[in-house]
Chemist: 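Handing you a structure now.
Proteins come first, then strands; the chains are lettered A, B, ... in the order of their sequence lines, and each starts at number 1.
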Protein chains: 2
Amino acid sequence: MGRRSDHSREELRDMIISEGHRQLAETGYARFSAREVAKRIGYSIGTVYNVLGSHDQLMLAINGLTLDRWQGHLEARLSAETENRLHRAIQAYFEFAILNRNLWTALYDFRLPEGEEMPDYYQQKVRDITQIVIAEIATVLPPAHADRAAPLARSLLACVHGHCFFTLNGTFRLLGETDPLEAAYARVTDAIAACSD
Amino acid sequence: MGRRSDHSREELRDMIISEGHRQLAETGYARFSAREVAKRIGYSIGTVYNVLGSHDQLMLAINGLTLDRWQGHLEARLSAETENRLHRAIQAYFEFAILNRNLWTALYDFRLPEGEEMPDYYQQKVRDITQIVIAEIATVLPPAHADRAAPLARSLLACVHGHCFFTLNGTFRLLGETDPLEAAYARVTDAIAACSD
DNA sequence: AGGCCAATTGAACGTTGTCTAATAATTTAA
DNA sequence: TTAAATTATTAGACAACGTTCAATTGGCCT
């Protein structure tokens with residue numbers, strides 16, 4: 001067959017990515033397959049490669065979509081919340097990861113070959129999410145220490161990430177930790193207290 | 001051919017695991033292949049499967065070896081260190097991960113299928129490493145708060161893990177963080193200070 | 001109508017994990 | 001010392017994967 005009028009190239013790209021997103025959520029990164037995506041949307045494997053370029057670029061696009069959803073989730077949970085916004089943010093972090101286990105895990109399972117950098121559009125998404133956290137940290141820090149907000153936010157992001165990661169990969173269950181969210185929140189309040197001496 | 005007298009079953013198992021370990025260190029988890037391991041030790045792929053059982057069990061055994069090395073590295077760096085042992089421990093954590101990037105990363109890239117638990121021998125190795133950290137935390141905590149050592153150690157392990165993870169996967173570089181080790185150490189001292197109020 | 005060109009295909013290739021029937025060597029039994 | 005049982009090892013088969021690409025299809029323009 002040749003040109004098909006029912007989908008533009010742009011629409012087809014979106015179809016592939018969103019079907020891939022759906023499939024990744026179901027099967028997880030290890031069992032994800034571009035062939036299966038092609039089959040499900042009724043196109044051949046060749047078309048997927050013509051439109052997306054490679055497995056890596058497909059994964060990048062899918063993970064990018066996950067980042068969008070994650071940011072949306074975070075903003076939704078944070079909107080109209082006036083007190084304890086930091087606790088709410090950490091809760092939203094965990095919530096998204098647990099509700100979208102396969103998608104969230106794939107963000108870190110997938111890596112470009114050594115030496116290759118993430119494309120700009122992807123890097124920007126990561127920075128955007130980080131910026132939300134920086135802003136939240138800035139509001140709870142004394143104005144005199146406003147310059148500490150960015151490095152502190154990066155560090156606390158890593159800290160919360162670690163707690164979330166150990167929750168999902170079973171390490172915390174193995175070690176007998178029963179309330180990882182509160183543990184993460186405790187580390188955040190400790191750090192802010194230390195910075196507000 | 002049949003039985004070969006030059007290697008006992010036990011020796012062959014060790015050969016496979018240590019050659020797999022070597023190959024994992026070189027190529028990383030994504031490109032690791034049991035077939036290649038077989039080729040390098042001069043046995044066929046079938047033998048590897050007869051001795052190890054499956055790709056998953058081979059990975060488990062290899063990651064178990066990595067955990068052994070990690071614990072050894074940590075103990076070596078900590079031995080005969082009398083002051084600032086906690087700082088030294090975090091440094092050793094980062095050092096091992098950076099020096100053995102592919103091996104360390106594979107500890108978290110590899111996961112058993114959903115629902116399957118890590119075997120006991122593997123869980124015990126994780127607990128053993130954790131116990132070292134618990135002991136270190138206990139020594140810097142006021143005796144009155146000795147019961148906080150275990151949960152605090154778990155949480156700080158997750159925190160340091162997050163910093164190390166973001167260092168190796170490029171997130172920290174992306175965000176402009178230049179000294180992740182000291183950031184992690186700051187979080188640890190903050191937590192201990194808060195617990196020693 | 002005829003030709004151009006973008007879109008699409010599916011077969012081909014090399015690689016992977018996994019399984020299994022066949023084979024070879026060793027140990028045990030007669 | 002043979003014969004039988006046991007164990008170790010192999011290589012080929014299978015399905016699935018990512019990737020490439022020559023061939024083909026069908027809409028568009030002149």
Chemist: If you assign each of G53(A) and E36(A) to its closest nucleotide in DNA chain D, which residue comes earlier from the 5' end?
Modeler: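 On the 5' side of the pair lies E36(A).
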
Chemist: Indicate if V140(B) and I134(B) have the same hydrophobic cluster label, given that clusters are the connected sets of ILVMFWY residues with side-chain heavy-atom separations under 4.5 angstrom.
Modeler: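 Cluster IDs for V140(B) and I134(B) differ.
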
Chemist: Near DNA chain C, counting only heavy atoms under 4.0 Å, which residues of residues 54-63 of chain B show up?
Modeler: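 Those residues whose heavy atoms fall under 4.0 Å from DNA chain C, taken from residues 54-63 of chain B in numerical order, are S54(B), H55(B).
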
Chemist: Going by the rule side-chain contact (heavy atoms from CB on, under 4.5 Å), which residues pair with T27(B) if we only count those two or more places apart in sequence or in a different chain?
Modeler: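 So T27(B) forms a side-chain contact (heavy atoms from CB on, under 4.5 Å) with Q23(B), R31(B), F32(B).
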
Chemist: E95(B): which residues meet the side chain to side chain donor-acceptor pair (under 3.5 Å) condition with it, sequence neighbours left out?
Modeler: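 H73(B), R77(B).
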
Chemist: Taking CG from N50(B) and P from dA24(C), how many angstroms apart are they, rounded to a whole number?
Modeler: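 Interatomic distance, CG of N50(B) to P of dA24(C): 17 Å.
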
Chemist: CZ of R31(A) versus C1' of dT16(C): gap in Å, rounded?
Modeler: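 In whole Å, dT16(C) C1' and R31(A) CZ are 14 Å from each other.
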
Chemist: When the nearest nucleotide of DNA chain D is assigned to S44(B) and to Y49(A) on a heavy-atom basis, which residue is associated with the more 5' position?
Modeler: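 With S44(B) and Y49(A) compared, the 5'-side residue is S44(B).
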
Chemist: Using rotation axes that map the C1' atoms of four end pairs onto the next four (five pairs an end), what angle separates the end axes of the helix from dA1(C)-dT30(D) to dA30(C)-dT1(D), to 10°?
Modeler: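 End-to-end axis angle: 30°.
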
Chemist: With sequence neighbours excluded, tell me which residues meet side chain to side chain donor-acceptor pair (under 3.5 Å) with N169(B).
Modeler: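 For N169(B), the residues satisfying side chain to side chain donor-acceptor pair (under 3.5 Å) (neighbours in sequence not counted) are T171(B).
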
Chemist: Going by atom type alone, with no hydrogens or angles, which donor-acceptor pairs under 3.5 Å involve a side-chain atom of residues 112-122 of chain A and a protein atom two or more places apart or on another chain?
Modeler:
unit_1  : atom_1 : unit_2  : atom_2 : d
E117(A) : OE1    : Q123(A) : NE2    : 3.3
E117(A) : OE2    : R173(B) : NH1    : 2.9
Y121(A) : OH     : A61(A)  : N      : 3.4

Chemist: Considering only distance and modelled atom types, tabulate donor-acceptor pairs under 3.5 Å from the side chains of residues 85-94 of chain A, sequence neighbours left out.
Modeler:
unit_1 : atom_1 : unit_2  : atom_2 : d
R85(A) : NE     : E136(A) : OE1    : 3.0
R85(A) : NE     : E136(A) : OE2    : 3.2
R85(A) : NH1    : L78(A)  : O      : 3.0
R85(A) : NH1    : E81(A)  : O      : 2.6
R85(A) : NH2    : E136(A) : OE2    : 2.8
H87(A) : NE2    : E182(A) : OE2    : 2.8
R88(A) : NE     : E81(A)  : OE1    : 3.4
Y93(A) : OH     : H161(A) : ND1    : 3.4

Chemist: Enumerate donor-acceptor pairs with a distance under 3.5 Å from any side-chain N or O in residues 144-157 of chain B to protein atoms, sequence neighbours excluded.
Modeler:
unit_1  : atom_1 : unit_2  : atom_2 : d
H145(B) : ND1    : C195(B) : O      : 2.7
R154(B) : NE     : E177(A) : OE1    : 3.1
R154(B) : NH1    : L175(A) : O      : 3.0
R154(B) : NH2    : E177(A) : OE1    : 3.4
S155(B) : OG     : H163(A) : NE2    : 2.7
S155(B) : OG     : R187(A) : NH1    : 2.8

Chemist: Tell me the salt bridge (Lys or Arg N to Asp or Glu O under 4.0 Å) pairs involving residues 49-75 of chain A, sequence neighbours left out?
Modeler: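 Pairs touching residues 49-75 of chain A that pass the test: D68(A)-K125(A).
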
Chemist: Could you note down all residue pairs passing side chain to side chain donor-acceptor pair (under 3.5 Å) where residues 96-110 of chain B supplies at least one of them, sequence neighbours left out?
Modeler: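 Counting only pairs at least two positions apart or across chains, the side chain to side chain donor-acceptor pair (under 3.5 Å) contacts touching residues 96-110 of chain B are R111(A)-D109(B).
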
Chemist: Measure CD1/I41(B) against C1'/dT9(D) and give the value in whole Å, please.
Modeler: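 In whole Å, dT9(D) C1' lies 12 Å from I41(B) CD1.
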
Chemist: Under 3.5 Å between N/O atoms: give me all the protein pairs with nucleotides 11-15 of chain C, atom names plus distance.
Modeler:
unit_1  : atom_1 : unit_2 : atom_2 : d
dA12(C) : N6     : R35(A) : NH2    : 3.4

Chemist: Would you say Y43(B) places a side-chain N or O within less than 4.0 Å of OP1 or OP2 belonging to dT9(D)?
Modeler: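 True: Y43(B) side-chain N/O within range (under 4.0 Å) of dT9(D) OP1/OP2.
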
Chemist: Between atom CZ in R13(A) and atom P in dT8(C), what is the gap in whole Å?
Modeler: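 It works out to 15 Å between those atoms.
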
Chemist: Regarding E26(B) and R22(B), does a basic nitrogen lie under 4.0 Å from an acidic carboxylate oxygen?
Modeler: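 Not counted as a salt bridge, because no side-chain N and carboxylate O are separated by less than 4.0 Å.
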
Chemist: Using the salt bridge (charged side-chain N to carboxylate O under 4.0 Å, His left out) criterion, which residues pair with R9(A)? Sequence neighbours excluded.
Modeler: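 Counting only residues at least two positions away or on another chain, R9(A) forms no salt bridge (charged side-chain N to carboxylate O under 4.0 Å, His left out).
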
